Amino acid sequence: STDVTERHRMAEQRERLLEQERQQVGRLREMDRMKDELMALVTHELRNPIAAIRGYAELLADDAGLSSTQQTFLDVIDRKSTQLQRLVDDLLDLARLDTGQLTLDIRPLDLAHLTRQALQDHRPAAQAKQLTVTAELPARLPMRADALRLRQVLDNLLSNAIKYTPSGGAITVTAGLAARRDDDSDGQDEGEDEGETAVVIIADTGIGIPAEQYEHLFSRFFRASTAKDAGIKGTGLGLAITRAIVTAHGGTITAAPRDGGGTVFTVALPAAW
Ligand code: ADP
């Protein structure tokens, strides 16, 4: 009957549409993959020329015979090429993430030591802004993680705290082991390392983040209105990479407003895995 033919025709049409959709999805996937590969290739190719520019700028800086004008120009070259290198490194990390090439080198390390090193390296920048930096760290905080990647996490959070805190403000860094809250409710303390979480808390008295913007904070290229209004420059890539590194370690990172103004970032990582 006509009813049957009609139903048959509609089924065929549905099938055609589905097939078109599948092809479209396939094409988009392929384009996305090509975009990722291009990103990886371009950023990788940019690293060598930038390294060369920085290298020669350094050699020139060693030359005692420079005039003060030449010295000024050289400072700009140095500053701008450093900035460019950071951007390219960040883009390369994101490309690696997208292509599944961000691999971790997990080894035993002392998180307290790593944090002290990071603090030490950021001290001049904090001093330049008259920021009070206080640290509450245990003597040792042994765990297993990728040391270079964790340094990247600490460096990013510390440089943000410094960058987004006006002169005279304060930064507090606390670290320690916490018992991991797990779902097993037998009430027994298993007493194993697996149950422990290494926690680092970085708090600042800075410009803060508007409440409704916290949910976007770890998205690529996102910059809070407080940062833009204050005219502080940035790319919005650091926290996206930071979260990806923490997540790859099986950990979590959260941000919250600090009582009395400012921001608190909390990183929690499984201590042994
Ligand atoms: P960038 O600093 O290059 O803009 P990030 O990804 O590191 O990028 O940070 C994203 C945004 O989060 C920043 O632009 C800023 O708005 C906000 N932010 C990050 N850290 C802080 C902080 N400590 N205090 C206030 N805002 C912050």
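Counting convention: from 1, in listed order, for ligands and their atoms alike. Residue numbers start at 1 and run along the sequence shown. Computed from a predicted model, the values in this text were never measured in an experiment.
- At the shortest separation from atom 5 (P) of ligand 1 among protein heavy atoms lies Leu239 N, 3.6 Å.
- Comment: Asp32 engages Lys35 in a salt bridge, judged by a side-chain N to carboxylate O separation of less than 4.0 angstrom.
- Side-chain contact between Leu150 and Met143: present, with at least one pair of heavy atoms (C-beta onward) separated by less than 4.5 Å.
- Between the CZ atom of Phe73 and the CG atom of Leu60 there is a distance of 13.0 Å, given to the nearest 0.5 Å.
- Every atom of ligand 1 with a heavy atom of Leu217 under 4.0 Å away is listed here by number and element: 12 (O), 17 (C).
- Glu19 and Arg22 are joined by a salt bridge, as a carboxylate oxygen and a charged side-chain nitrogen come within less than 4.0 angstrom of each other.
- Considering each of Gly236, Ser219, Gly234, Ser225, the one bringing a non-hydrogen atom nearest atom 8 (O) of ligand 1 is Gly236.
- Salt bridge annotation for Arg33-Asp36: absent, with no cationic side-chain nitrogen under 4.0 angstrom from a carboxylate oxygen.
- In terms of protein heavy-atom proximity, atom 16 (O) of ligand 1 is closest to Ala224 N, 2.8 Å.
- The shortest separation from a heavy atom of Gly206 to ligand 1 is not under 4.0 Å, leaving the residue out of contact.
- Within the 4.0 Å heavy-atom criterion, neither part of Lys228 lies near ligand 1.
- Closest protein heavy atom to atom 11 (C) of ligand 1: Phe222 O, 3.6 Å.
- With ligand atoms numbered from 1 in the order given, ligand 1 contributes 6 (O), 8 (O) to contacts under 4.0 Å with heavy atoms of Leu237.
- Looking at ligand 1, you won't find any N or O of Ala240 less than 3.5 Å from one of its N or O atoms.
- Using a 4.0 Å cut-off between heavy atoms, Asp204 contacts ligand 1 through its side chain alone, with no backbone atom that close.
- Only the side chain of Phe265 comes within 4.0 Å of ligand 1, counting heavy atoms alone; its backbone N, CA, C and O stay farther away.
- Under the 4.5 Å side-chain contact rule for hydrophobic residues, Leu102 and Phe218 share a cluster.
- Looking at Ile202, Ile162, Asn160, Ile207, it is Asn160 that brings a heavy atom closest to atom 20 (N) of ligand 1.
- Contacts between Thr263 and ligand 1 below 4.0 angstrom, taking non-hydrogen atoms only, involve the side chain exclusively.
- Looking at Ile209 against ligand 1, only its side chain comes within 4.0 Å, counting heavy atoms.
- Under the 4.5 Å side-chain heavy-atom criterion for ILVMFWY residues, a single connected hydrophobic cluster contains both Ile202 and Leu177.
- The residues Lys163 and Asp204 are annotated as not salt-bridged, no charged nitrogen and carboxylate oxygen being separated by less than 4.0 angstrom.
- Look at Arg9 and Glu6 and you find a salt bridge, because one of the NZ, NE, NH1 or NH2 atoms lies within 4.0 Å of a carboxylate O, short of that distance.
- Taking the six-membered ring where the residue is Trp, Phe222 and His216 present tilted rings, their angle falling between 30° and 60°.
- In this structure, Lys163 has a heavy atom closer than 4.0 Å to ligand 1.
- Scanning the protein for heavy atoms near atom 21 (C) of ligand 1, the closest one is Tyr164 CD1, 3.5 Å.
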